[in-house]
Amino acid sequence: MYSEKVMDHFMNPRNMGEIENPDGVGMVGNPVCGDMMKIMLKIEKDVIIDVKFKTFGCGAAIATSSMATELVKGRTLEEALEVSNKAVAEALDGLPPVKMHCSVLAEDGVRAAINDYLVKNGRPGLELKESGHEHDHHKEDH
Ligand code: FES
């Protein structure tokens with residue numbers, strides 16, 4: 001039921017762990033299952049030079065976080081904010097529909113960590129959504 005890429009990122013997660021003195025930290029919970037995600041960012045001149053995650057999530061959450069961290073590493077903050085949970089799932093060759101909610105954890109975590117960085121630096125924060133489920137900042141193609 002899981003693609004090979006999902007299994008690979010689950011068995012060998014990239015960027016799992018902690019960053020010492022991170023520039024931005026995002027801690028979010030998944031409203032669907034209650035699982036948690038922590039994303040830590042090292043940022044230089046608005047470029048994400050390092051990223052690590054820790055999660056109390058399921059296998060799909062681990063795989064999507066691993067892929068999401070790979071996709072945002074080396075990117076500008078703006079580019080990183082464009083990486084949607086849908087793009088992460090696509091990069092993993094898809095997720096079973098019942099597990100799509102797990103991929104939201106990584107995206108929300110990255111957004112929260114970027115927001116933390118911006119606010120700490122006296123810059124306008126992002127509009128973070130309350131429930132973590134209305135992803136209206138992405139235009140979904142129909
Ligand atoms: Fe909670 Fe997957 S079941 S993150």
Side-chain angles (χ1 to χ4, degrees), residues 1-44 46-121 123-142:
M1 102 179 216
Y2 288 112
S3 73
E4 268 173 41
K5 279 192 191 162
V6 173
M7 288 312 290
D8 175 36
H9 279 262
F10 168 59
M11 305 290 263
N12 311 293
R14 286 34 153 206
N15 308 310
M16 198 152 74
E18 299 227 36
I19 290 178
E20 251 180 74
N21 305 319
D23 298 303
V25 180
M27 183 83 167
V28 293
N30 194 319
V32 179
C33 58
D35 290 338
M36 305 284 295
M37 171 73 62
K38 187 177 180 191
I39 301 259
M40 286 147 281
L41 300 174
K42 199 91 200 153
I43 298 168
E44 238 170 56
D46 282 3
V47 174
I48 297 174
I49 55 166
D50 200 10
V51 48
K52 292 265 196 281
F53 77 93
K54 273 197 159 175
T55 186
F56 289 102
C58 65
I62 293 172
T64 48
S65 314
S66 168
M67 180 55 92
T69 53
E70 287 285 276
L71 291 176
V72 302
K73 206 183 210 175
R75 301 298 177 87
T76 64
L77 300 183
E78 222 165 278
E79 286 166 345
L81 289 171
E82 294 291 311
V83 176
S84 66
N85 69 310
K86 212 171 145 230
V88 172
E90 273 164 20
L92 287 167
D93 293 337
L95 275 177
V98 293
K99 300 305 267 181
M100 271 310 282
H101 73 91
C102 310
S103 65
V104 174
L105 263 183
E107 182 192 338
D108 285 353
V110 169
R111 288 185 68 80
I114 289 175
N115 185 61
D116 179 50
Y117 165 79
L118 292 173
V119 170
K120 268 187 197 152
N121 286 278
R123 290 161 59 181
L126 305 170
E127 277 176 43
L128 294 176
K129 54 229 164 308
E130 298 292 313
S131 80
H133 253 220
E134 280 317 309
H135 278 224
D136 44 353
H137 54 282
H138 304 124
K139 292 268 169 290
E140 306 256 338
D141 17 335
H142 290 281

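We count ligands from 1, going down the list as the structure has it; atoms in each ligand are counted the same way.
Here the protein contributes Cys58 SG, Cys102 SG as N, O or S atoms under 2.8 Å from atom 2 (Fe) of ligand 1.
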Side chains of residues 46-53: which donor-acceptor partners sit under 3.5 Å, not counting sequence neighbours?
{"residue": "Asp46", "atom": "OD1", "partner": "Tyr117", "partner atom": "OH", "Å": "3.2"}
{"residue": "Asp46", "atom": "OD1", "partner": "Arg123", "partner atom": "NH1", "Å": "3.0"}
{"residue": "Asp46", "atom": "OD2", "partner": "Arg123", "partner atom": "NH2", "Å": "2.9"}

Result block: side-chain N/O donor-acceptor pairs under 3.5 angstrom for residues 56-65, not counting sequence neighbours:
{"residue": "Thr64", "atom": "OG1", "partner": "Ala60", "partner atom": "O", "Å": "2.8"}
{"residue": "Thr64", "atom": "OG1", "partner": "Ala61", "partner atom": "O", "Å": "3.2"}
{"residue": "Ser65", "atom": "OG", "partner": "Ala61", "partner atom": "O", "Å": "2.4"}

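From Glu78, atom CD reaches atom CD1 of Ile114 across 10.0 Å, with rounding to the nearest 0.5 Å.
With hydrogens and angles left out, the side-chain atoms of Asp93 and Ser3 include no donor and acceptor closer than 3.5 Å.
For Met1 against Pro96, the heavy-atom pair with the smallest separation is O-CG, 3.7 Å.
By the salt bridge (charged side-chain N to carboxylate O under 4.0 Å, His left out) test, Asp23 pairs with no residue at all, sequence neighbours left out.
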